[in-house]
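Notes for the one structure printed next.
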Amino acid sequence: DPPEKRVPRPPVITVMGHVDHGKTSLLDAIRKTNVTSREAGGITQHIGAYKVNYQGKQIVFLDTPGHEAFTAMRARGAQVTDVAILVVAADDGVMPQTIEAINHAKAAKVPIIVAINKIDRPGANPDHVKQQLAEHELIPEDWGGDTIMVPVSAHQKTGISDLLEMILLVAEMQELKANPNLPAHGTIIEAQLDKGRGPVATVLVQRGTLHIGDTIIAGTSYGKVRAMINDRGEKVKKALPSTPVEVLGLNDVPAAGDILDSTDEKTARGVAEKRIAKKKEEEIKLNSKVSLDDLFQRIKEGEIKELNIVVKADVQGTIEALKASLEKIKNDEVKVAVVHAGVGAITESDVMLASAANALIIGFNVRPDANARKAAETEKVDVRTYRVIYDALNDVEAAIKGMLA
Ligand code: GDP
Ligand code: MG
């Protein structure tokens, strides 16, 4: 990809900061300030990212605020953010997650612009916020440092255009460029299983151009692009660098942070199969079947040292939450390990995997299909379905402690 073939591309922005400091409100304010009334109907369309036009230039905002999502993507090798907006409430000041966000952005070497939000509040004290940020090596420009800090109010929609201007300024210094004349390369921003449409993935195209009919691979999923929908809910035929689009046509639900590439069909299938095989190899540990009911007894007898669990849920966010909470459960004798997690109904292959890994299956807002139910009976795999996360966590905890009702 010779540099001379690259052309300027819009910057991609992630909004981070402490809970309740106004990340979601700021994203909303930016979106609403920049849609004309004609388009207003389109803003309900949600694809996990959106593009705004400011003074004839485009800026892309990722819709999942917070550094956890940012770092989860980075852990998969995805680098999607060009500029991080750090939101700090002017009345609350620097809080623990503010510091975390600073560290995550720094670790990723992403420039930070600070939005000092809620300046409409009676208790707002922007200078105090600057002082606190200076202690974390973010020195404001007006104090001779190099961090841009913009006072804003997401509620009153003040300072929004200043912020957008600063984003363009910082982006310009980065000289962001990409070659549109290549097979598409991008990152999965989010993905889910849609009842009618099958796997649906929001993709940020980063290099090349993605077209209808292209064969793509993302993680262990692959397929032909059947349809693409942009952030305004319009069908599009192609997506250039720095364009977020919803993509239909994958055969499975990829994970946020999976890298997407366009390639020929044979390669896509081959690579997907190899990745699936490798994943199974890592997941499978032979043992005898586990069940929550006799778990405590078997732990006591020293027969089980690790409780393996397969997690299936309706959305990726739940999986992440459930996985993190489950893996925190342990006592002196046993620890909990999630050996496989995925979006969608519990299938026969989940059951076979659970059987091989001596895992039990926890389904959250999903159920086993007919084949899975049959397989679970034959394989004697314990399948439990829940609608409340705490019920699932309580059952696992109780089983480990021998207190299952
Ligand atoms: P997030 O957790 O960072 O996404 O924060 P939210 O956007 O959900 O905002 C948290 C709370 O602060 C909500 O009650 C908002 O209405 C309020 N809030 C957000 N921005 C402003 C602002 O500019 N001024 C005032 N007064 N309140 C705000
Ligand atoms: Mg929020």
Side-chain angles (χ1 to χ4, degrees), residues 12-35 40 43-50 52 54 59-73 80-81 83-106 108 110 112-130 132-133 136 138 140 147-167 189-190 192 202 231 244 256-257 315-321 324 389:
V12 180
I13 315 299
T14 300
V15 174
M16 305 184 192
H18 194 74
V19 65
D20 280 348
H21 279 198
K23 299 180 292 294
T24 303
S25 306
L26 187 63
L27 277 164
D28 280 351
I30 292 167
R31 179 168 16 203
K32 283 185 186 134
T33 317
N34 282 275
V35 288
I43 64 169
T44 47
Q45 183 69 30
H46 176 87
I47 74 156
Y50 64 89
V52 304
Y54 186 72
I59 307 172
V60 178
F61 287 87
L62 300 184
D63 236 352
T64 345
H67 55 273
E68 297 87 353
F70 173 85
T71 293
M73 284 207 199
V80 292
T81 307
V83 180
I85 304 297
L86 178 68
V87 180
V88 188
D91 54 347
D92 211 16
V94 170
M95 299 297 276
Q97 286 168 47
T98 315
I99 300 164
E100 274 179 47
I102 294 171
N103 293 336
H104 284 241
K106 278 187 180 165
V110 171
I112 298 171
I113 295 177
V114 178
I116 303 179
N117 189 32
K118 306 197 191 185
I119 51 158
D120 59 288
R121 280 260 173 108
N125 188 347
D127 273 335
H128 183 59
V129 173
K130 287 180 184 175
Q132 290 179 313
L133 288 170
H136 295 278
L138 293 183
T147 305
I148 296 170
M149 302 196 182
V150 187
V152 300
S153 164
H155 265 193
Q156 300 187 329
K157 303 200 172 43
T158 49
I160 305 295
S161 44
D162 295 335
L163 182 62
L164 296 177
E165 214 155 286
M166 290 305 135
I167 291 170
I189 303 300
E190 59 175 37
Q192 63 238 14
T202 299
D231 56 328
V315 291
Q316 189 64 32
T318 310
I319 290 176
E320 241 78 77
I389 287 188

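When a ligand or atom number is given, it counts from 1 through the structure's own listing order.
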Task: Non-hydrogen atom of Gln156 closer than 4.0 Å to ligand 1 - done: no
For residues [X] and [Y], determine if any side-chain heavy atom of one lies less than 4.5 Å from a side-chain heavy atom of the other.
{"X": "His136", "Y": "Ile99", "value": "yes"}
{"X": "Gln97", "Y": "Val19", "value": "yes"}
{"X": "Pro140", "Y": "Leu133", "value": "no"}
{"X": "Ile389", "Y": "Thr318", "value": "yes"}

Ligand 1-proximal atoms of [X], by part, heavy-atom distance under 4.0 Å:
{"X": "Arg121", "result": "side chain"}
{"X": "Thr24", "result": "both"}
{"X": "Asn117", "result": "side chain"}

TODO: Please confirm if an N, O or S atom belonging to Ser25, backbone or side chain, lies less than 2.8 Å from the Mg ion (ligand 2).
DONE: no
Donor-acceptor contacts under 3.5 Å from residues 116-125 side chains, at least two apart:
{"residue": "Asn117", "atom": "OD1", "partner": "Ala154", "partner atom": "N", "Å": "3.0"}
{"residue": "Asn117", "atom": "ND2", "partner": "His21", "partner atom": "O", "Å": "3.0"}
{"residue": "Lys118", "atom": "NZ", "partner": "Asp20", "partner atom": "O", "Å": "2.7"}
{"residue": "Asp120", "atom": "OD1", "partner": "Ser153", "partner atom": "OG", "Å": "2.9"}
{"residue": "Arg121", "atom": "NH1", "partner": "Asp91", "partner atom": "OD2", "Å": "2.7"}
{"residue": "Asn125", "atom": "OD1", "partner": "His128", "partner atom": "N", "Å": "3.2"}

- [ ] Return yes if some donor-acceptor pair links the side-chain N/O of Gln132 with the main-chain N/O of Val94 below 3.5 Å, else return no.
- [x] yes
- [ ] Show which atoms of ligand 1 fall inside a sub-4.0 Å distance from at least one heavy-atom site of Ser153.
- [x] 23 (O)
Task: Ligand-side contact atoms (ligand 1) for residue partner His18, heavy atom cut-off under 4.0 Å - done: 3 (O)
Task: For atom 7 (O) of ligand 1, the option (of Ala29, Pro122, Ser25) bearing the nearest heavy atom - done: Ser25
Without placing hydrogens or testing angles, list every side-chain donor-acceptor pair under 3.5 Å for residues 156-166, not counting sequence neighbours.
{"residue": "Glu165", "atom": "OE1", "partner": "Tyr54", "partner atom": "OH", "Å": "3.2"}

Task: Heteroatom proximity flag, Ala154 to ligand 1, N/O under 3.5 Å - done: yes
TODO: Compute the shortest N/O to N/O distance between Gly22 and ligand 1 and return yes if it is under 3.5 Å, no if not.
DONE: yes
